[in-house]
Amino acid sequence: MRTKLIITLFTLIVSLPTNVIGKDHSKKFHPGALWPDNKGIHINAHGGGILYYKRTYYWFGEYKSDTTSAAMVGVTCYSSKNLLDWTNRGVALSVSDDENSDIAKGCVLERPKVVYNQKTKKFVMWFHLELKGNGYSAARYGVATSNVVTGPYHFLCSGRVNPNVYPINFSKDDSISIRNQYSNLISLKWWTPEWYDAIKKGLFMFRDLPGGQMARDQTIFVDDDNKAYHIYSSEDNLTLQVAELSDDYTSHTGKYARIAPSNMNEAPAIFKKDGIYWMITSGCTGWDPNEARMFMARHIMGPWTQLPNPCIGAESKITFGGQSTYILRVEGKKNAYIFMADIWRPKHPSDARYIWLPIDFKAGRPVIQWRSEWQLDYLNK
Ligand code: DGJ
């Protein structure tokens, strides 16, 4: 009798639809669904990025608490061989209990990205840092390094980018005209045509020269020649910038360029295919989703050309409810890229969800279409 009951219960559980017992993430991606790790707990690695190292993928992201978006824990790390089943590897970078630390518990620590430096054999983590209690006014980058991929990472420094250095794509004429009219221009009313014109010409870049350029939403891209670049929202989120990193990937070289001035881009995610750089970004609407933008360039320092929204179909005007964070090149497959985005839940930050979708190419351009489930095999085509 007891055996019969157990068998009946077992049959019942096995036959339950997967959405009742949780999506089976070991076979398919389910964008927007809960994504359990090896312990059955929803992955907590938001605004993240992936590093492929020694035949394993490492996913680094923001640990989000249940009630606040501030960093109470730090950056978490998960590992996987197949991109579907993820093992929790713990906290890679911890926030500090020292109130005087730049990364004091309660700071804002967002969009961490880790790269491996072949020369120094170190893992280097870059992130967006806002000092505790100062809202989003610090607009700094942060750097941490480790000898071991999963960490612990040690905080190295934070700051603004390239103080007292002009970008390479800045005209001398604009520099002279901004300098001569600075006090008039800086008091212009925001969002007026004259103000936009001044922003485009570099008013805020010029304003920030002494202390360095603002750095908020960010990513790191390592090129085929192993040179690395920091791409970040700057100039009060009005303009993106791309800055070359030093050979050890821990500082800027001073070479940087402005991208899409006054266009208001956040959430840059970048990949390179057949010698062309593609970048997907979002507009600036806080935690709310908006329409993705796409840019292409033949040189990472630009010029960058804007193209239509790469997302197509229903909900494509709001990036399917998400915001870009990273574009992953899948190893061992040709032209296989995954678009990664976050569906933010500011009222319950730890419940934020992940959108991972394959990138298709139509007429040579990246296209992203919603799929409620898909398999990695799709990228074999
Ligand atoms: C949008 C950014 O992309 C996120 O990383 C975060 O900074 C939110 N804004 C905060 O409102």
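Values below: all heavy atoms of this structure, side chains included; hydrogens, waters and symmetry mates excluded. Atoms within a ligand are numbered from 1 in the order they appear, just like the ligands themselves. Source: prediction; values computed, not measured.
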Ring-face cation contact, Tyr378 with Arg371, 6.0 Å cut, 45° max: yes

Counting only pairs under 3.5 Å, give me each side-chain donor-acceptor contact of residues 162-170, with atom names and distances, residues two or more places apart or in other chains.
residue: Asn162; atom: OD1; partner: Gly254; partner atom: N; Å: 3.3
residue: Tyr166; atom: OH; partner: Arg179; partner atom: NH2; Å: 3.1
residue: Asn169; atom: OD1; partner: Arg258; partner atom: N; Å: 3.0
residue: Asn169; atom: ND2; partner: Arg258; partner atom: O; Å: 2.8

Charged tip of Lys273 within 45° of Phe361 ring normal and under 6.0 Å: yes

Kindly tell me which protein residues have any non-hydrogen atom under 4.0 angstrom away from an atom of ligand 1, grouped by chain and ordered by number? Glu110, Arg111, Tyr136, Asp217, Glu266, Gly286, Trp287, Gln323

Does Asp102 pair with Arg140 as a salt bridge, N-O distance under 4.0 Å? yes

Under the salt bridge (Lys or Arg N to Asp or Glu O under 4.0 Å) test against Arg216, which residue among Glu110, Glu235, Glu130 passes? Glu130

With the side chain counted from C-beta on, respond yes when Gln306 and Asn263 share a heavy-atom pair under 4.5 Å apart, and no when they do not. yes

